[in-house]
Amino acid sequence: MKKAIALLLSLAMIVSMTACGGKTEGGSGKEKVLNIAYHATLTSLNPFQTMSEGMGPLSLYGYQPLFYKSQYVSGKGEINGSGLYPGVAKTFTKADDLTYDVEIFDYVVDSEGNKITADDVVFSVEECIAEGNLVMQIGTIASVEKTGDYTVRFHMVNSQAGAFNNSVTQIGIVSKAAFEKYNGFVDATETVSTSPYLIKNFVSGSTYEFVKNEKYWQKDELRTMFDEANVDRVKMTGVVDAATRAGLVESGAADWASRVDQSQLYLFNDASKFNLFSIPNSLTYMLSFNMGGSKVDAGASIVENNQKLREAIFTAIDCNALVASVALGNGAVTHAYGNESYPDYLKKWDSEPYFDYDKEKAKSLLAESGYNGETITLLTTNNTIWSKIAEVIQGCLIDVGIKCELNTVDDAMFVPTRNSFSGWDVTVDNKGAGDYITSIFKYSFDQDTFGGITQCGYSDEDMQVLLRAALEEKTHNADTADAFHQYLKGKAISRGLYYDYYNYAASVNVKDNPLSDKCFLIFGHAQYDSALFNK
């Protein structure tokens, strides 16, 4: 009943939005309108807010970054094979390992006519750093300075592979005058932006529209796929329930939906009506041990100083069962701390041993460990997927003779509980990155990030030497990535489990599915059959 009510409410929202459609602003003829049912909601138009699922559309078409990138598409305008495409900036040069000079176009204006100069770039970067929300993006920037009216210099903290690219593609550039005039856009209902689309009619946590910026500043001959505007208006509805999103596309109320569950794919078997697209999820579900029990008064976790017990637990887990029961077959087992969606994932890992499920081996390791019936506490959240993963793992452990109980907390309490190193022995998690698998290594195991320990409390300088070699731009290669992977595997402190696929369902009149680096439809570049707009 709740899903039926949710479907009716979402239908009502989209129908209501559709009814207000009209002629193209500033032009004649029928307006090209696209309806999207998105899997997450957006609560603010602040360009520097914390990264979240709802930020995908905002980070693409809300405010322009200096440069764009996407691992899913390529096209004209790429800058010297860097994987970067012009946004507000047109080019960059590398002065040395830690210094980059960026030149912006000298004719950028926002939708209220504010001219964008180097001062606005410096302001935007420094404001983003001051707000402190985009930790992974701003953490690699030491400082930024104006070097000319339309040039700035970035000083980076380190020379790790992908550090500069990630920073300059995630920070939206805004006019300082507009940002201050509208109090950081925190309570705004529309954007003042240099983007090819403007957000209008924003309702926090619910609906909003992208409307073509008829005064977009970029010259036609210099537009890349990120500048194109193949539709006039896009009506966005945040629909958290997956069945409801699928139902909206199936009924024709929405033209495109993100993150459709495997269980709903049968609705779209008719290829004459629908297009289905799937890509590997960049997020990988992980399992990690509490290696920081010595940080609390209760002392070390039972697993901290018992590698045989850790290996027994890892070997007892049937990852194929996770794919079958949690992902409903819509996924794959991984063989590393990350997955094959990254360009530096090594195919050789797929054929190497990686804690492969073996019930009898797990029992043997358990006997070697001296395990004596102690309870292993598995930390998870009340997130549906994480809870299901934890339940399957609990069953696997019980099946080999390990007593396991779940410590299920809400999402807000997960990080504080994990970071306390108290009340758990092993935890479910997921990790992803915007560029390389080695970045995922960094996000969990860089002791410089977590105060001299890894995220789960492990301390090992030999591991750090291998990690730094894998991360550094000059030494980031197959050999260094493999060296870290093998070392991590040998320590049995964390492992990848599986990853699923992102499914997208669309009307057959949506001809393709070009995706941004945040897996959101680059709808200005997508191709459409005219029948979509003649409904």
Side-chain angles (χ1 to χ4, degrees), residues 51 69-72 83 135-137 140 160-163 165-166 278-289 314 317 319-320 322-323 326-327 330-357 385-386 389 393 418 426-447 449-450 454-456 458 460 463-464 466-473 475-502 515 517-519:
M51 190 59 67
K69 69 180 175 71
S70 176
Q71 61 271 42
Y72 302 109
V135 178
M136 293 302 179
Q137 289 72 36
T140 56
Q160 293 174 358
N165 286 23
N166 282 339
S278 294
I279 61 167
N281 187 347
S282 60
L283 287 170
T284 305
Y285 292 101
M286 312 290 197
L287 205 67
S288 295
F289 288 109
F314 278 168
I317 298 170
C319 291
N320 284 306
L322 289 171
V323 172
V326 183
N330 186 46
V333 173
T334 190
H335 296 83
Y337 198 80
N339 68 56
E340 65 174 350
S341 67
Y342 296 94
D344 54 345
Y345 181 92
L346 302 182
K347 293 301 293 181
K348 81 182 191 76
W349 294 341
D350 291 339
S351 58
E352 296 178 350
Y354 189 70
F355 308 112
D356 301 323
Y357 172 61
I385 294 177
W386 286 28
I389 291 172
I393 292 173
R418 182 192 64 200
V426 61
T427 183
V428 175
D429 202 350
N430 63 6
K431 297 291 180 183
D435 47 18
Y436 303 114
I437 196 170
T438 49
S439 294
I440 304 180
F441 299 165
K442 172 184 173 63
Y443 296 161
S444 289
F445 305 111
D446 184 1
Q447 292 178 191
T449 300
F450 302 105
T454 68
Q455 188 176 69
C456 286
Y458 187 59
D460 184 336
M463 174 184 279
Q464 296 309 297
L466 294 172
L467 178 60
R468 293 179 190 120
L471 292 174
E472 279 297 318
E473 191 168 41
T475 53
H476 173 255
N477 56 44
D479 290 338
T480 56
D482 186 50
F484 180 84
H485 162 78
Q486 302 296 347
Y487 191 90
L488 176 63
K489 184 169 63 171
K491 293 297 181 180
I493 60 173
S494 297
R495 65 159 297 178
L497 298 169
Y498 80 96
Y499 59 100
D500 52 22
Y501 290 92
Y502 287 157
L515 296 176
D517 59 335
K518 298 295 184 297
C519 297

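From L287, atom CG reaches atom CD1 of I493 across 12.0 Å, with rounding to the nearest 0.5 Å. The CD1 atom of I389 lies 7.0 Å from the CG atom of L497; values are rounded to the nearest 0.5 Å. Between L322 atom CG and I393 atom CD1 the span is 5.5 Å, to the nearest 0.5 Å. Put simply, OH on Y285 and SG on C319 are 13.5 Å apart, with the number rounded to the nearest 0.5 Å. We find the NE2-OH distance between H335 and Y345 to be 6.5 Å, quoted to the nearest 0.5 Å. To the nearest 0.5 angstrom, Q447 atom CD is 12.0 Å from K442 atom NZ.
When side chains are defined from C-beta on, W349 does not count as touching E340, because their heavy atoms never get closer than 4.5 Å. In this structure, S494 and F445 have side chains that are in contact, with non-hydrogen atoms separated by less than 4.5 Å. The shortest side-chain heavy-atom distance between Y357 and N320 does not fall under the 4.5 Å cut-off.
For the pair R468 and T475, the tightest heavy-atom approach, listed with the atom from each and the gap, is O-OG1, 4.3 Å. Between Y499 and T334, the shortest heavy-atom distance links the atoms CD2-CB, 4.1 Å. Closest approach of D479 and N477 over heavy atoms only: N-OD1, 3.0 Å. For L346 against A478, the heavy-atom pair with the smallest separation is CD1-O, 3.5 Å. Contact detail for I385 and Y498: the closest heavy-atom pair is CG2-OH, 4.0 Å. Counting all heavy atoms, side chain and backbone alike, A332 lies closest to V323 at C-CG2, 3.8 Å.
Judged by distance alone, with hydrogens and angles left aside, the side-chain atoms of D344 form a donor-acceptor pair with the main-chain N or O of I437 at under 3.5 Å. A donor-acceptor contact shorter than 3.5 Å is absent between the side chain of Q160 and the backbone of A470.
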task: Please test F441 against Y436 for side-chain contact (heavy atoms from CB on, under 4.5 Å), starting from the C-alpha separation and ending with a verdict.
output: CA-CA 9 Å; F441 299 165; Y436 303 114; over 6 Å; no
- prompt: Should F289 and F314 be marked as a ring-ring contact (aromatic ring centres under 6.0 Å, His included) after you check the CA-CA gap, both sets of side-chain angles, and the distance that decides it?
  reply: CA-CA 10 Å; F289 288 109; F314 278 168; 4.7 Å; yes
task: Starting from the C-alpha separation in whole Å, work towards a yes-or-no answer on side-chain contact (heavy atoms from CB on, under 4.5 Å) for F450 and C456.
output: CA-CA 9 Å; F450 302 105; C456 286; over 6 Å; no
Under 3.5 Å, which donor-acceptor pairs link side chains of residues 426-433 to any protein atom two or more places apart or in another chain?
| residue | atom | partner | partner atom | Å |
| --- | --- | --- | --- | --- |
| T427 | OG1 | L379 | O | 3.1 |
| D429 | OD2 | R418 | NH1 | 3.2 |
| K431 | NZ | Q455 | OE1 | 2.7 |

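Classification of the Y354-H485 ring pair by plane angle, with boundaries at 30° and 60°, yields parallel.
T140 and N166 share no donor-acceptor pair across their side chains, judged by distance under 3.5 Å alone. Inspection of the N339 and T284 side chains reveals an N or O donor paired with an N or O acceptor under 3.5 Å. Judged purely by distance below 3.5 Å, without hydrogens or angles, the side chains of N330 and D500 never pair a donor atom with an acceptor atom. Judged by distance alone, the side chains of Y337 and S444 do bring a donor and an acceptor atom under 3.5 Å apart.
Ion pair K348/D482 flagged as a salt bridge, since at least one NZ, NE, NH1 or NH2 atom sits closer than 4.0 Å to an Asp/Glu carboxylate oxygen.
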